[in-house]
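Working notes for the structure below.
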Amino acid sequence: MSVVTRIAPSPTGDPHVGTAYIGLFNYVFAKKHGGKFILRIEDTDRERYNADSEMRIFKMMHWLGLNPDESPEIGGPNGPYQQSERLEIYKKHALDLVESGHLYPCFCSEERLLKLREEQKRRKQPLGYDGFCRNLSKEEAGACMAAGKEPYVLRLKAPSEGETVFRDELRGQIRFKNSDIRDGIMLKSDGYPTYHLANVIDDHLMGVTHVLRAEEWITSTPIHVLLYRAFGWDEPKFIHMPLLRNPDANKSKISKRKLDTSVDSYRDQGILPEALINFLGNMGWSMPDGREFFGLKDMIKEFSIERISLGGPVFDLKKLRFFNARYLRDILSLEDLAERVKPFLEAAGYDWDDEDYLLDILDILKSRAETLTEFVPHGAYFFHEDFSYDEQAKKKLAAGQKYLEDLEREFALLESYDEDSIDDLIHDYVQSQSVGMGKVLQPLRAALTGVSNSPSMTELISVLGKQRVLKRIGRALSYITAGLPDDKPQKPEAVKTGAVS
RNA sequence: GGCCCCUUCGACUAGCGGUUAGGUCACCACCCUUUCAAGGUGGCGGCACGAGUUCGAAUCUCGUAGGGGUCACCA
């Protein structure tokens with residue numbers, strides 16, 4: 001049997017990390033077994049529908065490398081892949097179930113339902129439909145329709161006795177008493193199906209063999225099972241993944257209010273898709289050999305659902321950033337890194353003479369950045385000559401005037417401008433002055449960067465090049481003696497972003 | 001509240017009857033070092049609890065507790 005899985009997001013807002021998470025496992029599971037991965041859009045809630053969101057879901061999947069084999073974008077043999085375009089299919093199947101007595105029309109008004117719910121709450125009874133329309137005869141139903149009691153809905157006629165048992169591949173048998181299964185609405189009065197109906201019909205028609213979805217669906221699985229059986233269809237295998245959790249005390253289900261759940265937002269913050277995938281791959285799953293760094297291909301190679309753990313994993317930003325940092329400094333090639341960083345630098349208004357200069361900069365900056373965006377503040381002084389000096393730097397400059405004057409001369413005379421020569425020059429000079437390295441290098445750092453923390457001076461001097469170095473020392477010296485023409489108090493942020501007034 | 005699921009360091013996890021309970025993030029210390037990182041070394045810290053099964057339980061069973069999910073004309 002060939003494996004078919006699917007991700008079925010609802011386009012109602014920002015592309016969600018939960019979609020990415022479940023999408024990842026569906027994708028990997030399908031590919032592991034040489035099967036197909038389908039992207040289906042569940043847009044049956046026209047109140048919350050958002051066309052922009054749908055586009056962004058497609059983009060997210062591509063960005064993450066979770067490319068579906070069938071989708072609204074690329075089509076496929078079992079389309080359409082947007083549920084809003086499958087209304088006739090649902091209607092036909094729903095009517096079949098009415099015919100066979102598994103679904104029944106319900107004419108109850110919203111007011112009655114509301115009242116019923118309040119009454120149940122007041123009496124502390126279990127909530128749910130009371131079956132008022134459950135046993136209407138055909139004649140009575142017809143009379144209701146004739147009396148203009150439309151629109152009406154179609155409800156599931158859940159068995160009142162016995163139990164519904166199904167198997168979760170990770171948890172084993174799960175049983176529900178049928179009396180606990182409510183007569184839920186399957187077809188809404190606007191002609192759209194609810195999740196349960198649409199999901200079952202589509203999964204069957206699209207040949208889905210394995211339903212990997214979040215644990216929150218376990219309680220509605222018996223409804224789905226009842227539907228499969230009512231249709232006379234084989235059930236797929238159910239695999240319920242643990243729920244991603246908020247990092248709060250209780251570890252509640254991941255939510256927008258407590259955590260940034262937008263994949264787009266992480267992308268904009270400079271998180272790499274590889275890092276996000278890798279991070280998500282470690283949530284509730286582990287490599288057989290304990291490896292923590294792996295890509296999609298590795299995960300496909302080693303994947304098995306037996307290694308899924310069921311405790312809900314907390315979505316920990318710190319660990320995500322750690323993964324991202326590892327990709328930035330150790331896993332991506334310098335050239336690859338450059339391509340990823342460029343859009344962020346360009347957006348900040350930076351430009352550079354040549355590619356090699358950029359590569360050099362990234363090489364010495366990459367162990368200091370956890371996200372792509374951090375290259376912008378960290379790299380500010382590489383791209384502008386008119387940076388300001390922060391308070392620390394100003395103090396260092398004032399204390400180091402003599403050293404700067406000497407070094408300006410020394411560097412001007414330096415013939416071979418490479419790291420070794422620079423290193424020698426500095427060491428010789430420091431020795432000649434009989435002072436600590438810091439006494440000399442801190443003012444120099446201030447002069448070259450405007451800040452008091454930076455990469456190694458030798459690297460910096462080498463990467464900046466002789467011209468810039470001399471120019472900057474000169475500028476610093478004139479600042480010391482005269483103050484810069486625009487020597488206004490600078491906010492630290494101004495330095496960070498590279499913006500100079 | 002009913003029903004369902006879950007439970008190993010603060011977080012992510014390894015473990016699937018016999019281990020000094022291992023690794024990673026975070027945190028702390030030290031080393032390296034001109035500063036900031038990175039890196040190296042070490043440290044802190046855990047089997048929710050109680051019974052039972054067994055020669056032997058983190059691992060199996062039951063109970064208790066705790067947490068989560070779900071009870072919509074949302075998915």
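In what follows, every chain begins at residue 1, and chains take the letters A, B, ... in the order their sequences are listed. Note that the structure is a prediction, hence the values are computed from the model and not measured.
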So which protein nitrogen or oxygen atoms get under 3.5 Å of nucleotides 39-41 of chain B's nitrogens or oxygens?
{"from": "G39(B)", "atom 1": "OP1", "to": "R329(A)", "atom 2": "NH2", "distance (Å)": "2.9"}

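- Comparing D316(A) and S109(A), the nucleotide of RNA chain B nearest to each residue sits closer to the 5' end for D316(A).
- Nucleic acid contact class of S309(A) (heavy atoms, under 4.0 Å, all strands): sugar-phosphate only.
- Side-chain N/O atoms of N250(A) include one lying less than 4.0 angstrom from OP1 or OP2 on G68(B).
- Between the side chain of R368(A) and the base of C36(B), a donor-acceptor pair under 3.5 Å is found.
- Nucleotide A14(B) is matched to nothing when pairs are restricted to Watson-Crick or G-U wobble geometry with both distances under 3.5 angstrom.
- Salt-bridge formation is detected for the pair E119(A)/R122(A): a Lys NZ or Arg NE/NH1/NH2 atom is positioned less than 4.0 Å from an Asp or Glu carboxylate oxygen.
- Here K251(A) reaches the OP1 or OP2 of A11(B): one of its side-chain N or O atoms lies under 4.0 Å away.
- A salt bridge is defined here as a Lys NZ or Arg NE, NH1 or NH2 lying under 4.0 Å from an Asp or Glu carboxylate O, and D168(A) with R171(A) meets this definition.
- You'll find a donor-acceptor pair under 3.5 Å spanning the side chain of S189(A) and the base of C73(B), going by distance alone.
- Taking the P atoms as reference points, C12(B) lies 12 Å from U7(B), given to the whole Å.
- With a cut-off of 3.5 Å on both Watson-Crick or G-U wobble distances, the partner of G50(B) is given as C62(B).
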- ring pair (Phe, Tyr, Trp, His ring centres under 6.0 Å) between F25(A) and Y21(A), intermediate numbers included: CA-CA 7 Å; F25(A) 280 81; Y21(A) 178 58; 5.2 Å; yes

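- Residue V314(A) is classed as a sugar-phosphate contact, given heavy-atom separations below 4.0 Å to backbone atoms only.
- The interatomic distance linking L127(A) (CG) with G1(B) (P) rounds to 14 Å, in whole Å.
- Checking the phosphate oxygens (OP1, OP2) of G68(B), no side-chain nitrogen or oxygen of S252(A) falls inside 4.0 Å.
- Residue-level contact check: G284(A) touches the backbone only, with heavy atoms under 4.0 Å from sugar-phosphate atoms and none from bases.
- For the pair K318(A) and L187(A), nearest-nucleotide mapping onto RNA chain B gives the more 5' position to K318(A).
- At C74(B), one or more side-chain N or O atoms of K188(A) fall inside 4.0 Å of OP1 or OP2 (strictly under the cut-off).
- A salt bridge links D406(A) with K402(A): the distance from a Lys NZ or Arg NE/NH1/NH2 to an Asp or Glu carboxylate oxygen falls below 4.0 Å.
- As rounded to the nearest Å, U13(B) and A51(B) have C1' atoms that lie 29 Å from one another.
- Distance noted for atom P between G18(B) and U59(B): 11 Å (whole Å).
- Nucleotide A57(B) is matched to nothing when pairs are restricted to Watson-Crick or G-U wobble geometry with both distances under 3.5 angstrom.
- Using a 4.0 Å heavy-atom cutoff across all strands shown, R321(A) reaches no nucleic acid atom at all.
- Of the nucleotides present, G1(B) is the one that pairs with C71(B) by Watson-Crick or G-U wobble criteria, both distances under 3.5 Å.
- No hydrogens or angles were tested; on distance alone, a donor-acceptor pair under 3.5 Å links the side chain of S367(A) to the base of A37(B).
- We find that D45(A) and R48(A) are joined by a salt bridge, their nearest charged nitrogen and carboxylate oxygen being less than 4.0 Å apart.
- Atom CZ of R46(A) and atom P of C73(B) are 12 Å apart (whole Å).
- Y192(A) pairs by the ring-ring contact (aromatic ring centres under 6.0 Å, His included) definition with nothing, not counting sequence neighbours.
- To the nearest whole angstrom, the two C1' atoms, one in U20(B) and one in G15(B), are 15 Å apart.
- For U24(B), the base has a donor-acceptor partner in the side chain of K319(A) [N/O atoms by modelled type, under 3.5 angstrom].
- Residue F176(A) is in sugar-phosphate contact alone, with no base atom involved, counting any heavy-atom pair closer than 4.0 Å across all strands shown.
- Between E408(A) and R472(A) there is no salt bridge, since no side-chain N of the basic residue sits under 4.0 Å from a carboxylate O of the acidic one.
- At the heavy-atom level, R307(A) lies under 4.0 Å from the strands shown only through sugar-phosphate atoms.
- At whole-Å resolution of the value, CG in D248(A) and C1' in G68(B) are 11 Å apart.
- Cation-pi geometry between R245(A) and F315(A) is not satisfied (NZ or CZ under 6.0 Å from the ring centre, within 45° of the ring normal).
- In this structure, the side chain of N178(A) does not engage the main chain of P159(A) through any donor-acceptor pair within 3.5 Å.
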